[in-house]
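Report on one structure; see the data block that follows.
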There are 2 protein chains.
Amino acid sequence: MRDSEKVVMTAGPHQRRPLSHEAIVTEAVAFIDEHGLADLSMRRLGQRLGVEAMSLYRYVDGREALLDGVVNHVTSGLQIDPHRALLPSDGWHAFLHDVATQVRGIALEHPRVFPLVATRSPSAPWLRPPLRSLDLVENFLEGLLHRGFDDAGAVAAYRAFSSFLLGHLLLEVSALGAETAPAEEPLAEPDHRPVDETADELGERPNLVRLRHQLSADHSSQEFEESLENLLDRLERLVA
Amino acid sequence: MRDSEKVVMTAGPHQRRPLSHEAIVTEAVAFIDEHGLADLSMRRLGQRLGVEAMSLYRYVDGREALLDGVVNHVTSGLQIDPHRALLPSDGWHAFLHDVATQVRGIALEHPRVFPLVATRSPSAPWLRPPLRSLDLVENFLEGLLHRGFDDAGAVAAYRAFSSFLLGHLLLEVSALGAETAPAEEPLAEPDHRPVDETADELGERPNLVRLRHQLSADHSSQEFEESLENLLDRLERLVA
DNA sequence: ACCTGAACACCGTTCAAGT
DNA sequence: ACCTGAACACCGTTCAAGT
């Protein structure tokens with residue numbers, strides 16, 4: 001850790017609600033949202049809860065288990081009810097659209113947690129991120145089967161859908177990081193470079209120079225919807 | 001770190017080739033391939049190079065910079081030559097297929113490094129994982145423009161392509177992790193559970209019980225090819 | 001029952017000192 | 001020029017001891 005980013009985390013004995021697995025995990029999520037995963041330590045988390053780090057070990061099984069808890073916590077907000085109709089004219093189309101929108105909501109609410117959801121090893125070989133719990137997948141499959149998919153189709157849809165969500169949402173939160181990360185010390189040397197400051201870095205790369213604004217432009221919502229529609233079209237072939 | 005997984009890393013003073021940025025990064029990649037990112041420390045990496053940890057700081061700017069170096073190193077193997085024809089009848093179709101295959105090759109060669117490629121914040125807002133360097137993106141865009149894409153089409157293709165690669169490859173390496181992770185202590189209690197050992201964990205989840213083998217089955221190569229073909233079809237609409 | 005002090009084996013990083 | 005010893009401020013984790 002460089003000296004300039006040494007973290008002091010002065011938030012003193014915060015509240016001192018009764019400790020519990022739930023309370024600890026919730027606070028860990030809040031911490032990562034604010035400071036990022038790299039700054040999360042058992043000691044600092046304890047401090048935020050008004051307790052010494054060692055106390056946390058009564059409720060969580062170490063740091064790795066805590067991170068599993070964090071992933072479970074953010075994904076447990078998902079409501080996948082396989083049998084309730086979402087609209088008058090419900091179908092698997094609406095069902096998948098709803099699940100996709102919910103997962104995207106989580107990713108955007110917790111952009112610094114989502115990479116964890118995307119990259120932690122699933123706990124069983126039949127689970128894939130980002131729908132990584134037994135209940136979530138059971139309900140997801142049931143929702144599709146209930147709406148006309150056969151077994152093979154539902155399995156194929158689970159895979160294609162997982163891959164779609166991972167790709168789009170990771171790209172989206174990664175773009176969020178790219179905008180905020182370079183602003184580490186925004187007040188350092190306000191303007192010592194020429195107006196077109198990026199010309200130097202980009203150098204002899206004419207396409208990048210010409211297209212960098214288009215490349216940075218954010219159309220993630222539309223792209224998400226369009227790609228999702230495309231995926232749904234593809235899945236038409238799988239429904240029995 | 002639980003006691004059972006305490007790492008001893010007994011590989012003594014390995015070689016003692018002359019230290020350099022390149023040598024250090026290369027060894028770091030090898031280390032992550034073998035032991036995973038969590039076990040990589042400056043001290044252990046120094047040990048592997050026959051040197052004290054402090055010596056590494058002459059050549060790399062700390063651990064975070066080392067990880068950036070690791071990401072650059074594995075992606076620098078990519079050969080994106082925008083103007084050389086890959087086949088007699090070259091076109092953007094073949095060009096994208098080639099790039100996709102190369103990136104997939106990297107992910108499968110370094111499954112424990114790829115999550116880093118996928119999740120580290122890009123160094124500029126016009127870069128997206130997994131094609132995260134200025135040269136890579138410049139060549140990628142040039143390759144498409146050279147084969148008939150206009151500016152907007154090339155930018156849209158870059159995005160769709162990035163998302164596709166991220167999703168598929170992360171899903172694929174994540175599946176690799178799920179198979180190896182539970183086998184932490186494979187000799188502990190060989191068979192004390194009933195034959196259908198998974199029935200307990202899966203509980204009242206009939207779809208999972210019935211489909212778990214299909215869910216675990218690996219068809220990643222075919223799925224990659226098929227989804228890629230689908231993406232290429234979609235991109236037809238973008239070419240001028 | 002719940003929390004802590006003290007301790008252990010590790011970290012990343014700096015820097016004056018060695019060769 | 002290149003490497004190291006010693007030191008500093010941190011880690012995760014255990015466990016006997018306190019209340």
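Convention: sequence-line order gives letters A, B, ...; per-chain numbering from 1.
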* Distance check: side-chain N/O of B/Ser55 vs OP1/OP2 of D/dC2, anything under 4.0 Å? -> no
* Asked: Toward the 5' end of DNA chain C, which comes first, A/Arg43 or A/Arg58, by nearest nucleotide?
  -> A/Arg58
* **Whole angstrom value for the distance that separates C1' of D/dC15 from OH of A/Tyr57** => 13 Å
* Asked: What does B/Ser41 touch in the nucleic acid at a heavy-atom separation under 4.0 angstrom: a base, only the sugar-phosphate, or nothing?
  -> sugar-phosphate
* To do: Find the distance B/Leu56:CG to C/dC11:P and express it as a whole number of Å.
  => 13 Å
* To do: Please work out if B/Met54 contacts a base, only the sugar-phosphate, or nothing of the nucleic acid, heavy-atom cut-off 4.0 Å.
  => base
* Rounded distance in Å - CG (B/Leu40) to P (D/dC11) -> 19 Å
* Asked: Counting only N and O atoms by type, is there a donor-acceptor contact under 3.5 Å from the side chain of B/Ser216 to the main-chain atoms of B/Arg212?
  -> yes
* To do: Give a yes-or-no answer on whether the side chains of A/Asp135 and A/Ser133 include a donor-acceptor pair shorter than 3.5 Å.
  => no
* Among D/dC11, C/dT13, D/dT13, the nucleotide that comes nearest once only the side chain of A/Arg63 is considered -> D/dT13
* So is B/Arg44 actually on top of B/Phe31's ring, under 6.0 Å and inside 45° of the axis? -> no
* Distance only, no hydrogens: is a donor on one side chain within 3.5 Å (strictly under) of an acceptor on the other, for B/Ser174 and A/Arg120? -> no
